[in-house]
Amino acid sequence: MKSEEKIALNIAQRIETIDQKKVFFTTIEGDYLTMDYMNAWIKIWNYMKDAANLSEEELMRFCKEEKVEYIAIYNDDPEITDSGSQRADICLACNFEAEPKGDVGVKYIRGGKYAVFTYVGPYANLGKVYAEVFSKLIPEGGFQLAPAPIFDKYCNDPETTKPEDLITELWIPIQ
């Protein structure tokens with residue numbers, strides 16, 4: 001695809017106010033487009049399974065009951081930070097009780113008001129989605145950004161979902 005070609009982006013918008021979220025996370029570094037997100041989530045899953053001494057089935061049941069969320073917090077602006085030095089915290093959000101250990105830490109995502117942009121389509125287009133959100137939708141919505149990290153929430157499984165059906169929510173903190 002040529003860089004000047006426009007693609008139709010399927011983006012919906014809403015405002016949400018949330019309580020803070022407890023997340024278990026590991027930080028990965030590199031280029032946002034080529035980071036190994038899946039292995040980072042597997043690392044957190046294995047940590048949770050070991051910390052609670054659960055079988056794979058018991059952990060899956062716990063996560064379904066608790067509605068565990070797959071989240072990525074982007075710590076750097078890709079327009080400013082070199083692509084090889086971008087950092088992301090890969091997270092599982094849930095009320096799991098365990099202490100941080102090794103590469104897996106525990107922290108909280110800020111509670112408060114967010115502009116939530118839901119995108120349906122391949123992850124490869126997320127850079128274009130972010131460009132659309134920040135160049136057009138945030139200014140047109142009159143949103144005042146809050147000083148807190150943005151995060152993505154991945155709503156379905158990329159291993160069992162066609163790329164065009166993937167659902168990603170972009171959570172932008174606002175005042």
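One-based numbering along the sequence shown.
Counting all heavy atoms, side chain and backbone alike, Arg110 lies closest to Ala146 at NH2-CB, 3.6 Å.
Between Thr168 and Lys153, every side-chain heavy-atom pair lies at or beyond the 4.5 Å cut-off. Contact of the Phe25 side chain with the Val104 side chain is not registered, since no non-hydrogen atoms from C-beta on lie closer than 4.5 Å. For the pair Val133/Ile138, a side-chain contact is recorded, criterion being any heavy-atom separation below 4.5 Å from C-beta on. The shortest side-chain heavy-atom distance between Pro122 and Leu166 does not fall under the 4.5 Å cut-off. At least one side-chain heavy atom of Phe96 sits under 4.5 Å from a side-chain heavy atom of Phe62.
Taking Asp165 as the reference, nothing meets the salt bridge (charged side-chain N to carboxylate O under 4.0 Å, His left out) condition, with sequence neighbours excluded. Tyr108 meets the ring pair (Phe, Tyr, Trp, His ring centres under 6.0 Å) test with no other residue; sequence neighbours excluded. For the side-chain hydrogen bond (donor to acceptor under 3.5 Å, both in side chains) test, residues two or more places apart in sequence or in another chain that qualify with Tyr130 are Asp152.
The other residues sharing a hydrophobic cluster with Trp171 are Ile18, Val23, Ile71, Ile73, Ile109, Tyr114, Val116, Phe151, where clustering joins ILVMFWY side chains under 4.5 Å apart. In the hydrophobic clustering, Val120 connects to Ile167, either directly or through intervening members, whenever side-chain heavy atoms lie under 4.5 Å apart.
Formation of a donor-acceptor pair under 3.5 Å by the Tyr37 side chain with backbone atoms of Tyr32 is found in this model. Under a 3.5 Å cut-off, the side chain of Asp36 and the backbone N or O of Asn39 do form a donor-acceptor pair.
Residue pairs meeting the salt bridge (charged side-chain N to carboxylate O under 4.0 Å, His left out) criterion with at least one member in residues 85-107, sequence neighbours excluded: Lys22-Glu97, Lys43-Asp103, Asp76-Arg87, Asp89-Lys107.
Each of Glu69, Glu66, Glu16 was scored for a salt bridge (Lys or Arg N to Asp or Glu O under 4.0 Å) with Lys21, with one residue passing: Glu69.
Ring centers of Trp45 and Phe24: at least 6.0 Å apart, outside the cut-off.
To the nearest 0.5 Å, atoms CZ (Phe117) and CZ (Arg14) are separated by 10.5 Å. The distance from atom CG of Leu170 to atom CD of Glu132, rounded to the nearest 0.5 Å, is 11.5 Å.
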